[in-house]
Number of protein chains: 2
Amino acid sequence: MIDVHAVAEDRLRRLGQRYTAQRRALVSMLVSAGQPLSLPEVLQAEAGLKQSSVYRNLAALEQAGVVQRVVTDDGYGRYEPAEDLTGHHHHLVCSRCGKVRDVDLPGSLERTLDRTLDAIAGRAGFAQVSHRLDLVGMCALCAGRAQ
Amino acid sequence: MIDVHAVAEDRLRRLGQRYTAQRRALVSMLVSAGQPLSLPEVLQAEAGLKQSSVYRNLAALEQAGVVQRVVTDDGYGRYEPAEDLTGHHHHLVCSRCGKVRDVDLPGSLERTLDRTLDAIAGRAGFAQVSHRLDLVGMCALCAGRAQ
DNA sequence: CTTCCTGCAAAAGTTTTGCATTAAC
DNA sequence: GTTAATGCAAAACTTTTGCAGGAAG
């Protein structure tokens, strides 16, 4: 188990930035959430956080490679820990309410994907390729509320 | 080869809407683009288009199932023809300039994906699941301009 | 002639920024 | 003490909406 906070602090310091209490709190929140959080969710989760500071801190953490921004179609950007901190995974997105949930794929499928996608990207002249695979559907709750 | 305009007109009419010249132009543009276009790209591609009308028409076309909105992380939403009009495909996204390009996967991989993802989604209580797989990397142009 | 579409301007919603103050090193 | 982070308010940017005039059926 790696020490997320130690890594975060180190990566920020390399950029001349500080690992303040608020940044630590954000990292803790995102790690324990187990799913990407939108700004309103972050603000609601911890009272006293100020909108502009959260945006600035998430941007700083993203630049340092501690968190990454993921984009859904519910208007808000969402943030989650960087992949090398919590491992490669995918998202199950509800097309109705926008809720996102982390899921894993079988290792064999991941390997097949990686091999195939690398080849395709290479043919198109793309470098440093990663993939982003989301399952989009309707969650049980929204399916209940009819169409 | 299906007649995209006939399908578009039919789907709009079912909702009591009209297939106007502007909507036809938008559909033509998106079909021939071969990649999802952002609003600035649409406006630039054809002079005389008005921003609010384009947003409204794309929303109408989306509701009718003629086009779909895809989301990248360059700030703008992008639109492309609905999957049943141009076929299932994926996107190669440049993480630097935001450019998007359509790509296909081998049929065997698509089938494996579908089977596996259906099972995963079912376990999580999700219904009507489709997948969205993007390759994210750096395009040749951006790679040229150094890091 | 009724219903929908268009265009302008204004509003809404998310994210960014300027600036003065406070905290970290 | 110097540099960076914070909070407030204001701005920027994408998208949506109200309303009056015009086009389609």
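Side-chain atoms of B:Arg11 do not come within 3.5 Å of backbone N or O of B:Val66 as any donor-acceptor pair. Not one N or O on the side chain of A:Asp134 forms a donor-acceptor pair closer than 3.5 Å with the backbone of A:Val136.
On the nucleic acid side, DNA chain D has its first and last nucleotide under 4.0 Å of a heavy atom of chain A at D:dT3 to D:dA9, going 5' to 3'.
An OP1 or OP2 oxygen of C:dC25 is reached within less than 4.0 angstrom by a side-chain nitrogen or oxygen of A:Arg13. Residue B:Ser52 places no side-chain N or O under 4.0 Å from the OP1 or OP2 atom of C:dG7.
Whole-Å rounding puts the B:Asp73 CG to C:dT15 P distance at 12 Å. What separates CZ of A:Arg56 from P of C:dT16 is a distance of 10 Å, to the nearest Å. For the pair A:Leu58 CG and C:dT16 C1', the computed distance is 13 Å after rounding to whole Å.
Put simply, A:Tyr79 and A:Leu85 are part of the same group of oily side chains (I, L, V, M, F, W, Y) that touch within less than 4.5 Å, one to the next.
Residues from residues 14-43 of chain B lying near DNA chain D, meaning a heavy-atom separation below 4.0 Å, are B:Arg18 in numerical order.
Listed by chain and residue number, A:His90, A:His131 satisfy the ring pair (Phe, Tyr, Trp, His ring centres under 6.0 Å) test with A:His88 (two or more places apart in sequence, or in another chain).
Nucleic acid contact for B:Tyr55: base, since at least one base atom lies under 4.0 Å from a heavy atom of the residue.
Salt bridge B:Glu9/B:Arg18: absent, no basic N to carboxylate O contact under 4.0 Å.
Closest of all the heavy-atom pairs between B:Asp118 and B:Val129 is OD1-O, 4.3 Å.
Within 6.0 Å of the CZ atom in A:Arg132, the count of heavy atoms belonging to other residues, nucleotides or ligands exceeds 12.
Using a 3.5 Å distance cut-off with no hydrogens or angles, the side chains of B:Glu80 and B:Gln68 do pair a donor with an acceptor.
Between A:Gln51 and B:Arg78, the residue anchored nearer the 5' end of DNA chain D, judged by the nucleotide with its closest heavy atom, is A:Gln51.
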